[in-house]
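To start, the structure under review is shown below, and the notes come after it.
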Amino acid sequence: MACDYIALANPGVQKISPYQPGKPIEELERELGITDIIKLASNENPLGCSPRVLVAIESGMSELALYPDGNGFVLKKALSDFYQRPIEEITLGNGSNDILELTARAFLGAGDEAIYAQHSFAVYPLVVQAVGATGITVPARNWGHDLVAMAAAITPKTRVIFIANPNNPTGTWVEKDELDTFFRAVPENVLVVLDEAYGEFVEAADFPDGLDYLSRYPNIIVSRTFSKAYGLAALRVGYAFAHPDVTNVLNRVRQPFNVNALGLRAAVAALGDQSFVARVRTLNTDGMRQISEGVVALGLDFIPSRGNFLCIDLKRPGLPVYEALLRQGVIVRPVTSYGLPDFLRVTIGTRAENERFLAALKAVLSS
Ligand SMILES: *Cc1c(COP(=O)(O)O)cnc(C)c1O
């Protein structure tokens, strides 16, 4: 009999339940033998990415044998210019998931505590457990972050707090005045990761911008990504802005070549095409209205969202509805593992995809 390798793993790692990604289209094609499948399960960009990205990638094809620039200078310079912030504040990540992991590896160990909210991003507990630290889940208020309760959960052992704004999978957000009060309450030796993976989708002018807080507080890591609004999920490029001393620490645990050469080129080109991002935002806002109105017409409810996805309250167990939607060729995301068994999360797609989803949902609910 094989040795018990799970028992050999670090105690934190033993407790990890692996991240469950959205079902790939190819897998469903194989399982059901159907084609014409739409995937609205992973908050991917229905418009793809800017055409400028493809040109940039092609120009990098002749250099695949070379290591990428380990400092990612060209992308950092572009981000620095775009956001008007010093280059010393930037850390690049292999996706922003990498930023979350670097933060945990650099600032958390056994005996330390990290705080995150109920119904928040599944990767937070993963990276915390992997380094043997203790995760503290603070109950949600109206499905979102209860920042008053999260500040009250800080103990002398707290090192890191994770806040997703907007949050995934619920789409909820925290307002500026809530964040103001929160940051005043957090001691300087506690790092706050402000995960703004969906920031580009937000249209509200009064929405808090993590970079504004970074000017006032040194203990903030603002994490962003090219995976969502820029449509580069396959290439894995994320970044963080933080105080230069915090950035220095993050870069000590970063792999030397953590962002690949094509990803670096693609991200520079994507950042340079803000008209693409504007089109994405408009499509998302329109689609959000379309799906919200559609689910209400079906007698269902939803959690108001500022992301590119919507959590629908089916008022019945979500898993059977998810399975039935799969048979209709529509992949959405069950959120039972997030403590939301009666909900499904759907990514906002194109107008036609949203229509197809609503028709499939109607068919499934009436059968
Ligand atoms: C999708 C997502 C990310 C981005 O992940 P990448 O590694 O950049 O692809 C980060 N945080 C949240 C909350 C997300 O939903």
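All values derive from a computational prediction rather than experimental measurement. Below, each value reflects all heavy atoms present in this structure, side chains not excepted, and no hydrogens, waters or symmetry copies. Counting starts at 1 for both ligands and their atoms, in listed order.
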Within 45° cone of F309 ring axis and under 6.0 Å: R345 NZ or CZ: yes
Lys/Arg N to Asp/Glu carboxylate O, K77 vs D81, below 4.0 Å: yes
R279 charged N/C atom sitting above F276 aromatic ring, 6.0 Å / 45°: no
Close-contact set for ligand 1 against R236 heavy atoms, below 4.0 Å: 6 (P), 7 (O), 9 (O)
Enclosure of L66 CG (heavy-atom neighbours >12, cutoff 6.0 Å): yes
Numbered atoms of ligand 1 (with element) below 4.0 Å of T225, judged on heavy atoms: 6 (P), 8 (O)
K228/E196 ion pair, N-O < 4.0 Å: no
Closest non-hydrogen atom pair, D69 against L264: O-CD1, 3.8 Å
Nearest candidate to atom 1 (C) of ligand 1, where distance is taken over non-hydrogen atoms, out of E44, K228, E101: K228
For N168, atoms of ligand 1 separated by under 4.0 Å from a heavy atom: 13 (C), 14 (C), 15 (O)
Atom 9 (O) of ligand 1 [closest protein heavy-atom partner, distance rounded to 0.1 Å]: S227 OG, 2.6 Å
Closest to atom 4 (C) of ligand 1 among G307, A233, S96 (heavy-atom distance): S96
E200/R224 ion pair, N-O < 4.0 Å: no
D195 near ligand 1 by a heavy-atom separation under 4.0 Å: yes
Closest protein heavy atom (residue, atom, distance) for atom 5 (O) of ligand 1: N97 ND2, 3.0 Å
Test item, Y198 contacting ligand 1 (heavy atom, 4.0 angstrom): yes
Those atoms of ligand 1 less than 4.0 Å from some heavy atom in A197: 2 (C), 3 (C), 10 (C), 11 (N), 12 (C), 14 (C)
